[in-house]
Amino acid sequence: MRPVGHGRTSAIGVFDSGVGGLTVLKALMERLPLESTVYLGDTARVPYGTKSGEVVTRYSIANAEALLEYEIKALVVACNTASAVALPALEAKLPIPVVGVIIPGAQAAAAATKNGKVAVIGTPGTIASGAYQSALQATNPQLEVHTRACPLFVPLAEEGWIDGAVPQLVAEKYLGDGLLDGGVDTLVLGCTHYPLLAPIIQKVVGNSVTLVDSAKATAERVATVLRERELTRLERGTVERHYLVTDTPNRFLEVGARFLGRPLSGARQIDLHVR
Ligand code: DGL
């Protein structure tokens, strides 16, 4: 393995189970436009949200090791499920700062709620891990936290079924069924895919509920970490965008363009060394 780069001009590494993390990459590109990025989508092993924590941790370490080959200066774990279950293992193993999406999302929700009643939606793995619950209560022990796994939102977002009758029915089933009873005023979109469904989710929960998108909060956290570690790129230069995938790139490029909000090209297929 080549030495790990710590320079200000090194890229930020980002990984996710597949295309979903491109919503986090999009927020990073908006917040830190001078920074180069290397994005890895583990499209051969997606989804992570229904797998055990032990397996997701092994995949996450393999993703991180593949990104270290690119001499990244910081790692962003864009996948909520991986952030929920694998962050301590990644932090222990890597010689660079590691930022997950859970703590920034929880802090943004704690700051947004007025009545202290927060709901979190995510994959079964994220919800079962209790990571959002812990992060919210670590921020403010008085918070009342409600959670629900919403697995069908992931394929809906990937299919592009983000408005109309089908996603509306699914959203009503997941969110109308007691989750918000008792006056929850803040809802955390605790999965990479859910920002695409934000308009329909907002319609179902009503305008009195504030939606919190972890992606934006994470990009802000990355900016702070880079500044604190003196790793922020200071001068304009060529901004490189690399995309790596573990399955053939076609579907990633097609679906990913919708998640990133711009055309995608040049994804390269790699093998991971999962132990
Ligand atoms: N990226 C995952 C997450 O944010 C959603 C897709 C999956 O289950 O792998 O939890």
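FYI, the numbering just counts along the sequence from 1. For ligands, and for the atoms within them, numbers begin at 1 and follow the listed sequence.
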Would you say that more than 12 heavy atoms from the other residues, nucleotides or ligands in this model lie under 6.0 Å from the CD of Glu228, or not? yes
Any salt bridge linking Lys216 with Glu220? Criterion: basic side-chain nitrogen under 4.0 Å from a carboxylate oxygen. no
Which label fits Tyr70 and His242: parallel for a plane angle under 30°, tilted from 30 to 60°, or perpendicular past 60°? tilted
Check each heavy atom of Thr123 against ligand 1 and say whether those closer than 4.0 Å belong to the side chain, the backbone, both or neither. side chain
Under-4.0 Å heavy-atom contact with ligand 1, by part of Val46 that carries it: side chain
Out of curiosity, Ile103 CD1 to Ser134 OG, how far, rounded to the nearest 0.5 Å? 9.5 Å
If we set the cut-off at 4.0 Å for heavy atoms, which region of Ser17 has an atom near ligand 1: side chain, backbone, both, or neither? side chain
Note: Asp16, heavy atoms under 4.0 Å from ligand 1, region reported as side chain
Is the Tyr243 ring parallel, tilted or perpendicular to the Phe252 ring (thresholds 30°, 60°)? tilted
Can you check whether Asn80 has an N/O within less than 3.5 Å of an N/O in ligand 1? yes
Under 3.5 Å, N or O to N or O, is Tyr48 touching ligand 1 that way? yes
Between Glu65 and Arg275, is there a salt bridge with N-O shorter than 4.0 Å? yes
As a check for students: among Gly20, Gly49, Cys191, identify the option with a heavy atom nearest to atom 5 (C) of ligand 1. Cys191
Look at atom 10 (O) of ligand 1 and say which protein heavy atom is nearest, naming residue and atom and giving the distance to 0.1 Å. Thr81 OG1, 2.6 Å
